[in-house]
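Right, one structure below, let's go through it.
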Amino acid sequence: MKTPRTYTMTTRAEAVEATRRSILQAAWDLQSQKLWASISLDDIAELAGVSVQTVLRQFGNRTQVFEAAMEYGAAVVTEERRTTPGDVADAVRVIVDHYELRGDGVILMLAQERDHEAITKVTEHGRGLHRDWVREVFAPQLDMSPATEREALIDLLVVATDVYTWKLLRRDRGHSRGTTEQRIRQLLEAILGSAAKES
């Protein structure tokens with residue numbers, strides 16, 4: 001049985017961790033809504049429901065808040081994009097789910113990557129995560145292709161499932177979500193079908 005002191009310390013630690021998560025979520029959310037340079041500590045504190053001093057006490061400065069938020073966001077995105085390896089239909093559903101939720105924010109970040117080193121780090125990391133996702137999700141199909149052709153096939157699968165492909169279909173062409181999924185699935189099936197014939 002916990003002593004009163006142990007209980008108090010545990011409760012306090014949980015409260016601190018909850019506050020930290022609120023700040024990270026606020027910083028992560030704001031980056032998908034506003035230009036990076038215009039996001040202030042006041043903005044983060046207000047959205048998180050804490051004081052600026054609390055933000056600084058937890059993270060030290062603005063740069064460290066955003067660096068921690070990037071790590072937090074990467075973990076969130078990894079969970080959101082989990083799917084069954086080899087299942088093309090499920091992969092398409094999951095990636096479109098992700099872009100419906102975060103695609104516009106990702107496009108906003110990509111538009112700023114040449115102007116801010118911090119954003120460049122985020123977008124480069126995101127590209128790596130997406131390529132790793134493709135390798136994992138399409139591993140059964142990739143294993144059946146010749147080793148010499150594997151990287152080329154990954155390139156094509158990355159393009160077919162990229163946020164810009166979603167934007168082109170969903171935003172620029174104005175297609176419904178269902179049609180967007182169908183087009184992406186057709187792209188993937190064509191790529192994988194062609195690879196299967198060549199193997």
Side-chain angles (χ1 to χ4, degrees), residues 21-39 43-44 46-49 66 68-114 116 118-142 153-193:
R21 279 198 308 272
S22 294
I23 294 168
L24 292 173
Q25 185 68 53
W28 177 249
D29 288 345
L30 284 166
Q31 287 177 88
S32 67
Q33 300 165 15
K34 300 174 68 173
L35 294 175
W36 185 82
S38 70
I39 302 170
D43 294 329
I44 296 169
E46 182 179 355
L47 187 58
F66 282 114
M70 289 309 99
E71 291 180 18
Y72 169 82
V76 169
V77 165
T78 298
E79 283 304 310
E80 287 176 354
R81 291 165 54 131
R82 286 203 187 282
T83 185
T84 306
D87 188 332
V88 174
D90 193 49
V92 173
R93 180 189 60 75
V94 166
I95 201 66
V96 172
D97 271 349
H98 174 66
Y99 292 148
E100 291 290 313
L101 182 63
R102 305 199 186 276
D104 292 320
V106 173
I107 296 295
L108 179 61
M109 277 196 202
L110 289 167
Q112 304 171 75
E113 67 178 337
R114 292 186 179 179
H116 302 286
I119 294 294
T120 302
K121 288 180 182 178
V122 174
T123 54
E124 286 178 352
H125 185 59
R127 289 186 185 99
L129 284 177
H130 184 60
R131 195 170 185 89
D132 288 344
W133 179 84
V134 164
R135 283 194 182 98
E136 180 182 341
V137 170
F138 298 102
Q141 292 91 338
L142 290 167
L153 180 55
I154 290 170
D155 284 343
L156 294 173
L157 296 171
V158 166
V159 171
T161 56
D162 190 74
V163 68
Y164 279 122
T165 303
W166 169 84
K167 176 183 178 291
L168 177 64
L169 294 166
R170 192 79 165 99
R171 300 292 184 243
D172 300 351
R173 292 283 293 134
H175 287 311
S176 68
R177 182 206 164 106
T179 299
T180 298
E181 285 194 27
Q182 181 183 31
R183 297 281 195 273
I184 293 173
R185 191 165 59 248
Q186 287 173 320
L187 264 176
L188 290 171
E189 288 170 351
I191 292 166
L192 294 170

Inset, instruction - Decide if atom CD of Glu46 counts as having more than 12 heavy atoms of other residues, nucleotides or ligands within a radius under 6.0 Å. - result: no
Legend entry - Minimum-distance pair of heavy atoms, taken over all atoms of Ala69 and Leu24: N-CD2, 3.5 Å
Inset, instruction - Begin from the C-alpha positions of Ile23 and Tyr72 and carry the test side chain to side chain contact (heavy atoms under 4.5 Å, CB included) through to its verdict. - result: CA-CA 11 Å; Ile23 294 168; Tyr72 169 82; over 6 Å; no
Inset, instruction - Evaluate the side chain to side chain contact (heavy atoms under 4.5 Å, CB included) criterion for residues Thr120 and Arg114: first the C-alpha distance (whole Å), next the side-chain angles of each, then the deciding distance (0.1 Å), finally the verdict. - result: CA-CA 7 Å; Thr120 302; Arg114 292 186 179 179; over 6 Å; no
Inset, instruction - For Ser22 and Ala48, indicate whether the former's side chain and the latter's backbone hold a donor-acceptor pair under 3.5 Å. - result: no
Legend entry - Carboxylate-amine/guanidinium contact Asp155 Arg131, below 4.0 Å: yes
Legend entry - Interatomic distance, Asp162 atom CG to Leu157 atom CG [nearest 0.5 angstrom]: 12.0 Å
Would you tabulate the side-chain donor-acceptor contacts of residues 135-142 under 3.5 Å, counting partners in other chains and residues two or more places apart, or write 'none'?
from, atom 1, to, atom 2, distance (Å)
Arg135, NH1, Asp132, OD1, 3.4
Gln141, NE2, Gly86, O, 3.1

Legend entry - Candidates His116, Gln31, Arg102 - the one meeting side-chain contact (heavy atoms from CB on, under 4.5 Å) with Met109: Gln31
Legend entry - Leu110 CG to Arg127 CZ distance, which is reported to the nearest 0.5 Å: 6.0 Å
Inset, instruction - Working to the nearest 0.5 Å, report the span between CD of Glu189 and CD1 of Ile191. - result: 10.5 Å
Inset, instruction - Show your reasoning for whether side chain to side chain contact (heavy atoms under 4.5 Å, CB included) applies to Ile44 and Ile39. - result: CA-CA 8 Å; Ile44 296 169; Ile39 302 170; 4.1 Å; yes
Legend entry - Value rounded to 0.5 Å, distance of CD in Glu80 from OG1 in Thr78: 9.0 Å
Legend entry - Member of Arg183, Arg185, Arg177 meeting the side chain to side chain donor-acceptor pair (under 3.5 Å) criterion with Glu181: Arg177
Legend entry - Results of ring-ring contact (aromatic ring centres under 6.0 Å, His included) for His130 - residues two or more places apart only: Trp133
Legend entry - Chi angles and distances behind the side chain to side chain contact (heavy atoms under 4.5 Å, CB included) call for Asp104, Arg171: CA-CA 9 Å; Asp104 292 320; Arg171 300 292 184 243; 2.8 Å; yes
Inset, instruction - Check whether any side-chain N or O of Gln112 sits under 3.5 Å from a backbone N or O of Leu108 as a donor-acceptor pair, and report yes or no. - result: yes
Inset, instruction - Find the distance between NE2 (His98) and CD (Glu79) and round it off to the nearest 0.5 Å. - result: 12.5 Å
Inset, instruction - Any chance you could measure Thr161, atom OG1, to Trp166, atom CH2, to the nearest 0.5 Å? - result: 14.0 Å
Inset, instruction - Might you point out which heavy atoms bring Ser38 and Asp43 nearest each other, and give the distance in Å? - result: O-OD2, 3.4 Å
